[in-house]
Each structure stands twice: as C-alpha cells, then as structure tokens.
Amino acid sequence: MKLTAWELHRLESSPKSKLRRTFERILTILPLLLVMAHMAEYKLMPDFPKYVANRIAYPVSDTYTVFLGILAFALLIYLILSFFSDRKYERLVHSSPLYCVIAIILSIYDIATLKTGILQLPYFPWADRILLAIIEDRKMLLDCVTNSLILLFAGYLAGAAAGLFCGVGAGWSKKIRYWIMPLLKLLGPIPSTTWISIILVVASSLFAGSVFMIALGVWYPVTMAALNGVANVNRSNFEVAKTFGANRFELVFKVAIPAAMPSIFNGLTQGMGIACTALMVAEMLGVESGLGWYINWQRGWAEFAKMYAAVIIICLTFTAVNFVLTLIKKRVLRWKEEYV
Amino acid sequence: MSGQVEIRNLSKVFARPGSDDTLQALDNISLDIRPGEFVALLGASGCGKSTLLRIIAGLEIPTKGEVLFNGGRICGTSPKRGLVFQEHSLFAWLTVRQNIEFALKTSRQYQDRKCEIDRWLELAGLAEFAGNYPHQLSGGMRQRAALVRALAVSPDVLLLDEPLGALDSFTRMSLQDELVRLWQERGNTMVMVTHDIDEAIYLSQRIVIMSPRPGRISRIIEVPRSYPRDRASGDFTVLRNEILRFMNFAHEQQYDYVLLLRHYKSVGSLVTW
C-alpha cells in the first residue's frame with residue numbers, strides 16, 4: 001500500500017491532545033465570530049455625536065456592512081469546508097490568528113474614527129467612506145488603473161528589453177562590455193527619478209518622457225543581472241554545446257540566456273520595484289492620468305477618502321502585477337530546484 | 001576506418017593568469033589511438049591528461065605539434081568528437097529528452113535521428129525520467145543521460161573527462177559496466193581520463209600513464225583481456241599492483257615516513273593515513 005504524502009504527514013506527526021484539538025477548533029471559528037462582532041459593533045454602537053448631528057455632511061451607509069457580510073460569508077464557507085477536508089482545516093488553523101488580528105484592527109479603526117472621533121475627519125475617513133469612494137469613483141479609478149498599467153508596462157517592457165540586449169551582449173562579448181560598462185558606471189548610481197525635471201522640459205510628450213524614465217530605471221538592474229548571469233554561466237555548458245556543433249547564435253540563445261535566467265529574473269523583479277516607484281513619481285509630477293495623478297488631484301480637493309481609496313487600489317494593482325511576475329518566474333525557472 | 005586519433009609531438013603551454021609566467025602542461029606527446037579502441041589516460045592531477053583530452057576535443061589549441069583526427073588536422077570542435085564532463089554535463093534547464101534533442105538539433109541530425117531518442121532513453125534506463133529535469137535525477141542517472149546524449153549524435157570518438165569521478169563507488173561500478181556495454185554496441189573509439197587505476201584496468205584496452213610537470217607519457221600498458229572483465233581476478237590485482245608501483249616511481253617522491261611521522265607528532269596532530 002502506498003501512502004500519500006499527506007497521509008504520511010498525518011501518520012508521523014505526534015497525536016494532538018484533546019485540549020489542543022478543542023483549542024484549534026475554537027481558533028478556526030474565531031475569525032468568523034470576530035467579523036460578526038465587528039459587524040454588530042458597526043451597526044449597534046452609537047456614532048460620534050458630531051457625525052450623528054449632521055448626517056448630510058457625514059453620511060453612513062450599509063456598504064461596509066455588506067463588505068463585512070461578504071467577508072463573514074467567505075469565512076463561513078471556509079469553515080464548513082474545513083470540516084470535510086483535513087488539509088483545509090490545517091490551513092485555516094494556520095491562517096486564523098492572522099484573520100483574527102485583521103478583524104480586530106478593523107474594529108479598532110472603526111471605533112477610533114466613526115464611533116468615538118479620536119481620529120478625526122477629514123484626515124481619517126472611516127472604512128465605509130473609503131469603500132463608498134471606491135464605488136462612487138469606480139469609473140475614474142478603473143481608467144486610472146488602465147492608464148497606469150499602460151505607462152508601467154510600456155516603460156517596463158522597453159527597459160527590460162534594452163537591459164536584456166545590453167546585459168546579454170556585454171556578458172557575452174568583451175567588446176560590447178567595453179562600451180556598456182562606462183555607461184553602467186555613469187548612469188547606474190543615478191536614481192532614474194532624478195531625470196524627471198529634465199524630462200518635463202525636454203520630452204516631446206510627457207508620456208514618452210515618463211516611459212523613458214521608467215525604462216531607464218528598469219534598464220540598469222536588468223542589464224547588471226543579465227551581464228552577471230551570462231558571464232557566470234559554467235564554461236562546460238558552452239564547451240559541451242560546442243562539441244555538438246552549436247554556432248554562435250545557439251550558444252547565446254540556447255545556452256547563455258537560459259542558463260542566465262535565474263539571475264535575469266532577479267533583475268526583472270528588482271526592476272519592477274523601481275518601475276512602480278518611477279511610475280508614481282512620473283504621475284504625481286507630470287503625467288495627467290493614472291493613480292499617482294489621481295491621488296495628487298484628490299489631495300487638491302481635500303478628498304481624503306478618495307486618496308485612501310487610490311492607495312488601496314495601487315496596493316492591489318501592484319500586488320497583482322508582482323503576482324503575475326512571480327508566476328512567470330516560477331514557470332520559466334521550473335527547472336531550478338527551489339521552484340519545485 | 002573512422003575514429004582514429006594521431007597525436008604528433010604535441011606540446012601545450014598555458015599562460016599563468018595575472019602574470020607574464022607560463023606553465024608547460026604537455027611536453028612532446030605522441031600517441032596513436034586506433035579506431036574503436038578504448039584508451040584510458042591515467043595520472044595524478046596536474047599531469048595534463050585533461051588538457052590532452054580537451055585538445056583532442058578541439059577546445060584548446062596546441063602550442064606545438066598536431067593532432068590528426070581521421071587523417072585530418074583538428075580545427076575546433078565537432079560532433080564527431082563527443083565530450084562528457086564530470087559535472088555540469090547536462091543542461092540544467094532542459095529535461096532529459098530535451099537535452100538529447102538539443103544535441104541532435106545543434107548537430108543538424110534531428111530530422112534523421114529523432115526516432116532514436118526513445119531507444120537511447122531506454123538504453124540508459126531513463127525512459128520514465130525523460131520529462132525530468134537534471135536536478136530531479138540522481139548523480140548516476142545524470143551521467144547516464146550525459147553519456148547517451150553524447151552518443152546520440154553518433155560520434156567517432158567519445159572523450160570522457162572523469163565522467164564517473166563524482167559518483168559513489170557502487171554507482172560508479174555499475175556505470176562502468178554500462179559504459180562497456182554502450183561501447184561494444186556502438187564500436188566507437190573511447191578516450192577516458194581517469195585517476196582511478198581500477199577503472200582504467202576494468203575498462204580500457206590500453207592504459208596511458210602520464211606523469212606531471214610537464215605532462216609526459218611515462219608508460220603505455222596493454223590490457224589484453226576480454227570483456228566483461230572480472231574485478232576480483234588475480235591478474236587484475238597483479239596489474240593494479242604493477243601500476244601502483246610504477247606510478248609511485250614515476251612520481252619520484254619517496255616519502256620518508258619516519259621523518260613524516262616524527263614531524264606530525266611534534267606538531268601534535270593525529271595522522272590518519
């Protein structure tokens with residue numbers, strides 16, 4: 001009889017005491033209870049008198065209640081599933097403490113803002129206001145996300161392509177390295193955002209200028225990573241390929257580049273971080289679209305809820321972008337031990 | 001007949017990195033390797049046996065003398081002269097099957113030989129690991145895969161640079177048997193660099209013993225035994241003892257063990273021989 005890895009894990013881990021099992025069960029239910037308690041607190045606890053007195057200026061909706069309801073429902077589904085699957089149960093036990101803390105923080109924030117007014121408007125809008133801002137401005141926010149992503153990827157892809165070209169070339173050929181190295185040493189230490197003021201003046205269009213600035217920021221780490229990656233490929237790889245009759249094209253594209261991929265992806269990840277920073281700088285200082293511009297624009301109107309909304313959207317967008325990059329990395333580097 | 005290697009008065013000098021100094025790796029080597037022969041280059045490290053192999057492969061340029069392959073002077077590498085290293089012999093980013101495909105594609109034999117890939121995988125006992133990446137295989141499997149990859153392009157001579165050097169002794173012995181089997185089936189010339197005397201005796205028809213600084217051929221020993229050979233036989237042991245004695249002599253380093261022991265005692269460290 002062949003064990004599955006999971007059965008083996010169950011078999012070898014020490015049996016849990018009854019107390020421990022009870023504790024874990026309670027732990028899995030706790031996040032749901034806390035979210036529901038938060039919901040009750042939000043609905044039942046009286047608001048700060050100043051807000052109650054002027055409902056027109058300080059409206060409170062049930063959007064947040066619905067949001068919490070969805071959260072509670074998701075937790076409930078997870079909880080029910082955990083009764084049928086040991087694996088889901090273990091995972092829920094693992095994540096429960098974190099969920100609990102999140103629910104508690106949400107409650108504290110709600111009490112501190114809406115209920116007691118310790119943290120005052122306009123700087124600290126309560127969660128409901130932020131949610132409303134997102135929903136109210138969704139069209140514009142979506143537009144901003146699209147514009148930001150277009151600018152981000154235009155710059156990122158251009159910079160990554162240039163970086164790969166320079167880096168692989170310089171790693172491969174001493175002649176190319178001779179010309180690339182001084183350029184790297186000169187431009188490398190300058191943060192690409194330094195160029196913004198010059199770009200604002202010189203560039204024919206702000207979009208093109210911003211693409212250039214982001215690309216420049218990405219170019220440097222990708223070039224360095226590709227250069228090091230290619231230069232450090234084990235020589236025997238090339239030698240074996242040569243004995244099979246590989247020509248120069250094959251040595252570069254079928255040996256050097258694939259072998260340097262782990263290093264190249266380090267550069268690409270680093271470049272993405274720089275690109276995101278450069279994007280925000282470009283949008284806040286010049287380009288008149290995108291999430292960075294939106295934040296700045298809303299600040300002009302003292303619309304703090306909308307600024308927070310944009311921050312949340314930025315967070316979600318960049319997380320998604322990095323998630324996709326990690327997926328691609330795992331797929332490309334599946335031949336590496338640590339990605340299996 | 002193909003697979004003939006003639007080495008004529010070959011010398012190789014290396015520049016020492018970072019100085020104007022040079023180092024003589026090979027000095028006036030002459031050796032004829034017959035087609036289909038299994039030759040072992042045996043010697044301590046630094047005797048230039050790997051350099052000799054690399055020159056035959058076309059990876060190094062001779063300083064003096066020449067190497068003829070099938071009657072023509074060697075110029076660069078060729079799929080006719082296959083090479084297997086001790087480590088990093090497979091491309092880590094390709095599966096076993098893709099590694100063999102790479103060899104066939106770059107040597108422009110893919111169309112003619114792609115149907116043979118499965119047979120090679122079968123022969124190496126790797127049929128069910130064809131889709132695995134090298135890091136998922138054991139050391140022995142990796143070297144088996146490297147061997148059949150090199151053989152898949154049908155080289156006239158296979159150059160082996162301590163291909164079994166990194167393996168444990170049991171895996172090594174079973175791979176030695178495989179190597180003999182593959183060689184007998186293919187009938188190509190084999191040139192193997194090794195520092196393992198038993199391996200040289202077990203596998204090769206001729207053992208070329210080399211001495212270091214500068215690298216010279218100090219003796220060539222014929223091993224006129226039929227295959228498969230018996231590791232435990234008496235004349236195997238006799239031959240091994242002879243080589244051992246000879247190599248000690250060739251070393252020209254007679255240790256004064258009494259002095260050595262006294263030295264280690266005075267230092268106070270324990271010597272484990």
Side-chain angles (χ1 to χ4, degrees), chain A residues 2 5 164 167-168 171-174 177 225-269 326-340, chain B residues 50 53-54 56-60 74-96 98-110 113 131-137 145-147 149-163:
Chain A
K2 198 163 179 247
L164 278 179
V168 171
W172 177 256
S173 136
K174 279 197 178 127
R177 196 178 319 172
L227 198 167
N228 286 326
V230 170
N232 290 329
V233 174
N234 196 297
R235 204 172 51 141
S236 55
N237 282 323
F238 294 123
E239 291 179 344
V240 166
K242 273 191 210 159
T243 63
F244 291 131
N247 55 33
R248 201 178 295 190
F249 177 86
E250 285 164 327
L251 286 178
V252 173
F253 286 92
K254 289 185 163 182
V255 181
I257 294 180
M261 266 306 166
S263 174
I264 288 173
F265 264 99
N266 281 342
L268 287 174
T269 314
T326 312
L327 275 189
I328 296 171
K329 180 180 177 176
K330 278 192 178 163
R331 167 86 185 124
V332 173
L333 298 184
R334 65 192 185 284
W335 55 272
K336 286 275 284 181
E337 212 159 354
E338 58 259 48
Y339 293 109
V340 178
Chain B
S50 285
L53 198 79
R54 291 170 61 82
I56 301 173
L59 292 168
E60 306 278 358
I74 282 179
C75 176
T77 54
S78 150
K80 290 277 147 215
R81 282 168 276 128
L83 183 63
V84 178
F85 286 114
Q86 176 176 338
E87 274 169 281
H88 302 290
S89 44
L90 289 177
F91 297 130
W93 57 93
L94 298 177
T95 63
V96 173
Q98 287 168 338
N99 261 284
I100 299 176
E101 284 172 354
F102 178 99
L104 292 176
K105 278 176 187 161
T106 46
S107 60
R108 317 283 175 255
Q109 305 180 32
Y110 186 66
R113 293 184 187 271
N132 286 45
Y133 288 99
H135 80 87
Q136 296 167 314
L137 307 177
L147 273 173
R149 182 183 64 170
L151 288 171
V153 300
S154 192
D156 287 343
V157 53
L158 188 59
L159 307 164
L160 304 159
D161 194 351
E162 296 186 33

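A, B, ... follow the sequence lines: proteins, then strands. Residue 1 opens every chain. Note that this is a predicted model, so its numbers are computed, not measured.
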First locate atom OG1 of A:Thr243, then atom CG of B:Leu159, and finally report the distance between them rounded to the nearest 0.5 Å.
8.5 Å
Under 4.5 Å, heavy atom to heavy atom, which residues of residues 245-252 of chain A contact chain B?
A:Gly245, A:Ala246, A:Asn247, A:Glu250
Would you indicate whether the side-chain heavy atoms of A:Trp335 and B:Leu94 approach each other to under 4.5 Å?
no
State which residues pass side chain to side chain contact (heavy atoms under 4.5 Å, CB included) with A:Ser263; sequence neighbours excluded, sorted by chain then number.
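So A:Ser263 forms a side chain to side chain contact (heavy atoms under 4.5 Å, CB included) with A:Ala225.
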Specify the closest pair of heavy atoms between B:Pro79 and A:Phe244, including all atoms of both residues, with the distance to one decimal.
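In terms of heavy atoms, the two residues are closest at CG-O, 3.6 Å.
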With sequence neighbours left out, what residues match B:Ser107 under side-chain hydrogen bond (donor to acceptor under 3.5 Å, both in side chains)?
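Residues passing side-chain hydrogen bond (donor to acceptor under 3.5 Å, both in side chains) with B:Ser107: B:Gln109.
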What part of B:Leu90 gets closer than 4.5 Å to chain A, counting heavy atoms only: side chain, backbone, both or neither?
backbone
Just by modelled atom types, is the A:Lys242 backbone N or O under 3.5 Å from a matching donor or acceptor in the B:Thr77 side chain?
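Indeed, once roles are kept as given, a pair shorter than 3.5 Å links the two residues.
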Can you tell which part of A:Val332 gets under 4.5 Å to a heavy atom of chain B, answering side chain, backbone, both or neither?
neither
Closest approach of A:Asn237 to B:Phe91 (non-hydrogen atoms, all atoms of both residues):
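Here A:Asn237 and B:Phe91 meet closest at O-CE2, 3.4 Å.
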Check side-chain hydrogen bond (donor to acceptor under 3.5 Å, both in side chains) between B:Gln98 and all other residues, then give those that pass, not counting sequence neighbours.
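Applying side-chain hydrogen bond (donor to acceptor under 3.5 Å, both in side chains) to B:Gln98 gives B:Thr95.
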Just wondering, do A:Lys336 and B:Trp93 contact through their side chains at under 4.5 Å, heavy atoms?
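No, their side chains stay 4.5 Å or more apart.
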Which bit of B:Arg149 comes within less than 4.5 Å of chain A, counting heavy atoms only: side chain, backbone, both or neither?
both
